[in-house]
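Notes to accompany the following structure.
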Amino acid sequence: MGYQCQVCKFSSFAVSVLNDEQMSTLGNNCAEVYFKKGDIIFKQDSFSLNIGYLKTGLVKLHMRGLAGKEQIIKIAKAPTYLGIPTTIGEKINQYSATAIEDTSVCFVNLDIFNKLILSNPKFSYEIILHMCKNELTHFRNCLYKTQKNSRGLVADTILNFANNIYESSHFFLPLTRNEIADLINSSRESVSRILSEFHNDKIIKLNGKEIEILNLDLLIKISENG
DNA sequence: GCATTAACCACAG
DNA sequence: CTGTGGTTAATGC
């Protein structure tokens with residue numbers, strides 16, 4: 001008894017390209033798991049032979065570095081794959097994934113995933129396309145982190161949540177100030193100060209974790225000039 | 001020199 | 001977990 005991937009409304013772009021047989025192979029070899037906000041989905045330094053497919057929810061990918069310093073690599077929004085690089089590239093996880101909202105993930109065995117890649121070029125192409133876009137985003141972020149100042153990076157973070165993650169100018173931050181600092185290589189104090197500053201300057205309306213963008217043009221300017 | 005930026009510390013809600 | 005104030009160090013006119 002497996003899952004009916006073909007009727008799952010969260011089916012990925014790549015899965016839609018599978019034939020019936022491949023689809024049922026996938027359905028018979030995956031398991032859906034639910035995670036609460038704060039739950040660890042997979043952990044750095046542990047062994048894994050699964051690819052995750054994030055069906056719903058929001059996840060942070062993070063890596064513990066020197067002196068235990070935590071760095072958030074990215075915020076992953078459903079639908080997307082989780083852990084393709086670390087599962088295919090290494091047997092031991094190179095980073096962790098933690099739910100920052102209630103989340104559901106389908107785990108697919110790596111062997112099955114590899115068989116799909118080897119047997120279906122369209123599927124492989126979709127995966128490559130996905131990973132290329134991902135890598136370009138990381139190159140850009142890498143550049144920004146080096147070249148922008150903290151204000152610009154905080155502005156970027158707000159814009160990312162508004163434009164890409166929540167698709168609304170009014171949302172609740174799923175991260176603490178400390179986590180935002182871990183995301184942009186800053187300190188919790190700086191993030192706190194910059195957010196208050198944006199609030200006082202009427203660029204955003206800030207109430208704890210609640211953010212409403214009041215002056216989008218200015219925010220974009222800060223992002224571009226910062 | 002003087003200004004800016006931001007990290008680190010401490011302490012208070 | 002946050003917000004602020006003081007301090008300190010680096011960098012750039």
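Nothing here was measured: the structure is a model prediction, and the numbers come from that model. Naming: A, B, ... by sequence-line order, numbering from 1 per chain. For the numbers below, each heavy atom of this structure counts, side chains included, while hydrogens, waters and symmetry mates do not.
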(request) Report yes if a side-chain nitrogen or oxygen of A/S186 is closer than 4.0 Å to either non-bridging phosphate oxygen (OP1 or OP2) of B/dA6; otherwise report no. (result) no

(request) Determine whether A/L218 and A/K202 make a side-chain contact, defined as any pair of heavy atoms from C-beta on separated by less than 4.5 Å. (result) no

(request) Would you indicate whether the side-chain heavy atoms of A/D182 and A/H62 approach each other to under 4.5 Å? (result) no

With no hydrogens and no angle check, do the side chains of [X] and [Y] hold a donor and an acceptor under 3.5 Å apart?
| X | Y | result |
| --- | --- | --- |
| A/N141 | A/K74 | no |
| A/N185 | A/Q71 | yes |
| A/S48 | A/K43 | no |

(message) What does the B/S/- profile of nucleotides 1-13 of chain C look like, 5' to 3', with a 4.0 Å heavy-atom cutoff to protein?
(response) SBBBBB-------

(request) Look at A/K37 together with A/D102 and state whether they make a salt bridge at an N to O cut-off of under 4.0 Å. (result) no

(message) Regarding A/E70 and A/K60, does a basic nitrogen lie under 4.0 Å from an acidic carboxylate oxygen?
(response) no

(request) Give, ordered by number, those residues of residues 61-75 of chain A having at least one heavy-atom distance below 4.0 Å to an atom of DNA chain C; if nothing qualifies, reply none. (result) none

(request) Would you confirm whether A/N109, through its side chain, and A/D111, through its main-chain N or O, come within 3.5 Å as a donor-acceptor pair? (result) yes

(message) Quick check on the 6.0 Å ring-centre criterion: do A/F113 and A/F107 meet it?
(response) no

(request) Can you sort out which residues in residues 141-150 of chain A have a heavy atom within less than 4.0 Å of DNA chain B? Ascending by number, please. (result) A/N149, A/S150

(request) Measure the acute angle between the ring planes of A/Y166 and A/F161, then classify it against the limits of 30° and 60° as parallel, tilted or perpendicular. (result) parallel

